[in-house]
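Step one of this worksheet: look at the structure below.
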Amino acid sequence: MSDLFEIELLRGTLDHCVKCTICETACPVSNASPLFPGPKYAGPQSERYRVSDEAAVDASVDYCSGCGICSQVCPQGVKIAEINAQARHRLKRQRGIPLRDRIITRPTWLGRAGTPVAPLANWTLGFRPLRVLAERTLGVHRDAPAPRFAGRRFSRWARAHTSPAAPRKVIYFHGCGTEYYEPWEGERVVAVLEHNGFEVVVPEQDCCGLPLQSSGLFEDARRSVRRLAHSLASQLADERTIIVGNATSCTLMLKREAREILGLEDDPELRRVAERTYDICELLLELHQRGELRTDFRPIPERIAYHAPCQQQGHWIGKPALELLSLIPELEVREMHARCCGIAGTYGLKAEKYEIAMAVGRSLFEQVEASGAAEVACDSETCRWQITHGTHLPSVHPIDYLYRAYGLDHG
Amino acid sequence: MRRRDHDVVVIGAGTAGMVAGARLAEAGADVCVIAKGVGSTHLAPGTIDVLGYAPGRVESPADALTSLAADHPYALIGSAAVADAVDWFTATATAAAGAFPGYAYVGSLERNLLLPTAVGALKPSALVPETFVAGDARQLDGLTVVGTPLLRDFHASLCADNLRAAGLRTTTVSLEVELDRVDANALGFARRFDDPRWRAAFSARLAPLLTGAGPVGLPAVLGLRDPHAVLTDLQAQLGRRVFEIPTLPPSVPGMRLFEILHHALRRAGGRLVIGAGVVSHRREGDRVAEVQTATAGSNTTYAADAFVLASGGFHSGAITLDSHWQAHEQVLGLTLTGVPDAGAPRFVPSYFAEQPLSRAGVAVGPDLRATGVSNVVVAGASLPGSASWREASGEGIALASGYRAAEVTATALGAGAIA
């Protein structure tokens with residue numbers, strides 16, 4: 001990316017900051033912890049004092065969770081979260097990247113290692129003495145929510161599955177959460193798309209690089225996202241073909257974050273992929289508005305809570321899941337108003353940040369409990385694991401309710 | 001392709017846009033409020049100042065509204081709609097099913113209250129949260145202003161000096177308060193006041209220091225969850241009436257105002273999309289057919305039968321003056337009015353004088369319809385004809401024009417008169 005481009009589109013936006021403090025009102029982290037002084041201070045204010053190649057004197061930007069809400073609410077268009085992500089990267093480069101951050105940011109390694117030995121891996125992750133040891137040696141908090149390996153991979157199921165040929169084709173980007181931990185979510189996404197007349201293609205794919213990016217490992221993140229974009233772009237010959245994903249933070253990475261934060265605006269493949277990538281609920285709502293979504297829904301007489309994750313809000317499309325869920329007869333959906341569950345991908349796993357993440361999530365957990373909901377719908381897998389950790393209630397992707405309402409769970 | 005279709009798209013999430021959105025949703029329209037970011041509510045004091053100066057200080061907005069120039073927004077909106085808007089807002093804010101049960105807005109168009117600002121000036125307001133009422137200087141003999149050194153956005157002694165100059169017997173208390181951080185703003189304090197134990201401890205320390213007579217003025221930090229309970233508790237614990245004085249942003253009462261309107265919008269089935277700044281639009285004949293917003297990946301098209309433009313005027317950058325001294329409406333490319341002719345002065349040297357440019361805005365007809373397009377109604381600070389910061393009329397214009405814009409739009413859509 002050219003310097004001028006960077007100045008115009010990212011760092012230069014700090015000049016639009018009028019110090020109105022709207023970002024401060026919305027920041028989940030600074031409102032829960034004094035260790036992060038807030039997006040305005042850490043972003044447009046501090047950025048003026050960050051001189052390239054000089055050692056950073058203030059490390060507080062490391063406590064930014066990267067949720068991105070500050071950029072969303074800024075009425076002046078300052079790219080606060082993106083500026084902070086780059087500052088975090090420079091800070092890490094200067095001070096060194098902990099071994100922990102090199103491990104927990106690679107879902108592919110972890111998934112490939114854990115899947116064949118899932119019972120043992122899951123036992124290990126739940127075994128207190130080992131978790132204490134991991135906290136002491138690696139800095140992964142002993143209580144942090146660890147997903148359970150499913151013991152099978154979604155891509156295996158996909159290879160064995162034949163999607164009926166249809167005039168409309170969609171490329172399914174399932175992400176690592178679906179691949180290693182919740183393969184059934186992917187099966188349900190495929191079933192809902194096929195029910196609506198799509199032929200679903202599942203190309204070879206790997207991590208989008210978001211965990212690497214949010215821990216400041218930009219070079220590795222660029223490699224990951226470019227490899228993924230290359231694989232997805234190869235499927236886009238037909239102009240009408242689009243990509244759809246259910247991991248909302250990973251689709252956001254493809255759409256926007258990699259281009260802005262990693263400086264890949266000029267990458268033509270990534271641009272093509274970004275323009276054609278949809279969040280699953282975004283796509284289904286659009287179909288509904290065109291009268292093309294099947295609405296043969298059976299009633300689901302349950303009360304659920306819905307939490308829109310920060311990264312879903314970063315798509316700047318509102319809350320399509322809420323509108324989709326409202327189509328299901330008898331399903332009572334309580335919208336949660338708390339902004340953030342706290343986990344922010346891998347942030348809440350880190351020993352020094354776990355307590356902050358739990359403090360951030362507290363008001364969401366309290367609202368969920370007060371709602372009397374039996375289950376929590378949420379578009380992001382790491383948020384779902386954190387919500388279950390904080391509320392002891394099951395949490396699933398909104399697509400699950402469509403899957404059930406279509407009667408697809410009964411074959 | 002990313003595309004959404006609605007009956008109405010409201011552009012802007014400040015008071016005007018949120019009121020218009022909530023009213024349209026209540027009228028049964030499929031409405032979506034889109035905004036580049038969070039709006040002006042978080043920066044303003046949270047009071048509804050209908051008309052404070054015209055140009056002398058206004059005692060009764062209802063009387064003064066009738067004598068405004070014919071091109072003033074209130075003259076276009078009409079006194080009846082202003083009154084209806086105030087009634088609707090009061091009922092909405094106070095509703096048991098509203099955002100903050102018990103947190104009433106108090107006042108009327110008949111008499112302005114006169115409330116201390118952070119610098120101890122007295123500002124006329126028509127409609128104020130219950131947490132402001134005890135500060136009404138018209139009813140006041142003496143008062144105590146309380147500050148804390150940790151909140152550097154509020155200086156009790158500055159406020160008190162000016163109130164004394166205005167003839168009010170004012171004492172001050174400076175209370176040392178420990179928070180977990182060195183740089184605290186009003187929001188940080190408000191979150192503490194949400195905690196009943198914390199505020200009880202605060203009252204216990206403050207009570208013995210109160211010597212003067214009259215109510216106790218605190219910076220506006222009385223909580224974001226249940227401000228009615230905070231006020232009730234403090235008054236009981238201190239044995240005096242308590243009131244809030246607006247602070248520098250972030251404005252805690254302004255955040256509550258946003259929540260009141262957001263709650264009303266959502267309850268009526270309206271949607272809010274924040275982060276969706278309009279980047280372009282497309283016309284069909286004399287209609288705006290659709291707008292494009294910046295979204296992740298690629299733009300999203302919002303098509304609608306009608307649009308309400310509540311984008312904030314010069315304050316938000318929705319109207320700009322370029323380096324060639326040309327003024328532009330940035331969102332829909334609408335015609336402006338009130339811009340001084342080429343060569344005529346736009347500004348005068350005195351900062352606080354009325355600036356020649358200050359009454360510029362989007363040209364509208366009598367029903368707030370933007371000139372030159374058939375399906376755009378304008379509300380809030382983009383309207384021409386007022387100098388709201390001199391008149392203390394900004395929030396009142398936002399409320400009443402948002403309300404009126406919804407009426408006009410709903411009628412045009414065929415949804416009929418709003419219930």
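Computed from a predicted model, the values in this text were never measured in an experiment. Chain letters run A, B, ... following the sequence lines, proteins first and then strands; every chain starts at 1.
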When rounded to the nearest 0.5 angstrom, what is the spacing between [atom1] in [X] and [atom2] in [Y]?
X        : Y        : atom1 : atom2 : value
B:Thr295 : A:Lys255 : OG1   : NZ    : 6.5 Å
A:Glu286 : B:Thr300 : CD    : OG1   : 7.5 Å
A:Glu275 : B:Asn299 : CD    : CG    : 9.0 Å
A:Ser30  : B:Leu187 : OG    : CG    : 7.5 Å
A:Ile22  : B:Ser40  : CD1   : OG    : 8.0 Å

query = With chain B, which of A:Ala274, A:Pro34, A:Gly38 has the greatest number of heavy-atom pairs at distances under 4.5 Å?
reply =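 So the answer, after comparing A:Ala274, A:Pro34, A:Gly38, is A:Pro34.
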
query = Using a cut-off of under 4.5 Å for heavy-atom pairs, which of A:Leu35, A:Val18, A:Thr277 has the most such pairs with chain B?
reply = A:Thr277

Against chain A, work out which of [options] has the most heavy-atom pairs shorter than 4.5 Å and name it.
options                           : result
B:Met255, B:His262, B:Lys36       : B:Lys36
B:Gly39, B:Gly317, B:Ser298       : B:Ser298
B:His6, B:His42, B:Glu259, B:Arg3 : B:Arg3

query = Going by heavy atoms in the side chains, are A:Ser363 and B:Arg225 under 4.5 Å from each other?
reply = yes

query = Should B:Arg2 and A:His315 count as side-chain neighbours, where that means a heavy-atom distance under 4.5 Å?
reply = no

Shortest non-hydrogen separation from [X] to [Y] and the atoms involved:
X        : Y        : result
A:Pro75  : B:Val38  : CB-O, 3.4 Å
A:Glu24  : B:Asn185 : CB-ND2, 4.4 Å
A:Trp316 : B:Ala294 : CE3-O, 3.5 Å
B:Ala296 : A:Gly314 : CB-O, 4.0 Å
A:Thr25  : B:Arg191 : O-NH2, 3.7 Å

Chain B heavy atoms under 4.5 Å from [X]: which part of the residue, side chain, backbone, both or neither?
X        : answer
A:Ser326 : neither
A:Glu257 : neither
A:Leu252 : side chain
A:Cys20  : both

ask   = Donor-acceptor pair, B:Arg4 side chain versus A:Leu285 backbone, under 3.5 Å?
value = no

message = Taking A:Lys319's backbone N and O only, do any of them form a donor-acceptor pair with B:Arg271's side chain (distance below 3.5 Å, no angle check)?
response = no

Atom CZ of A:Arg168: over 12 foreign heavy atoms under 6.0 Å =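 Yes, CZ of A:Arg168 has more than 12 neighbouring heavy atoms, counting only those of other groups under 6.0 Å.
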
message = Just checking A:Tyr41: does its OH atom have more than 12 heavy atoms from other residues, nucleotides or ligands closer to it than 6.0 angstrom?
response = no

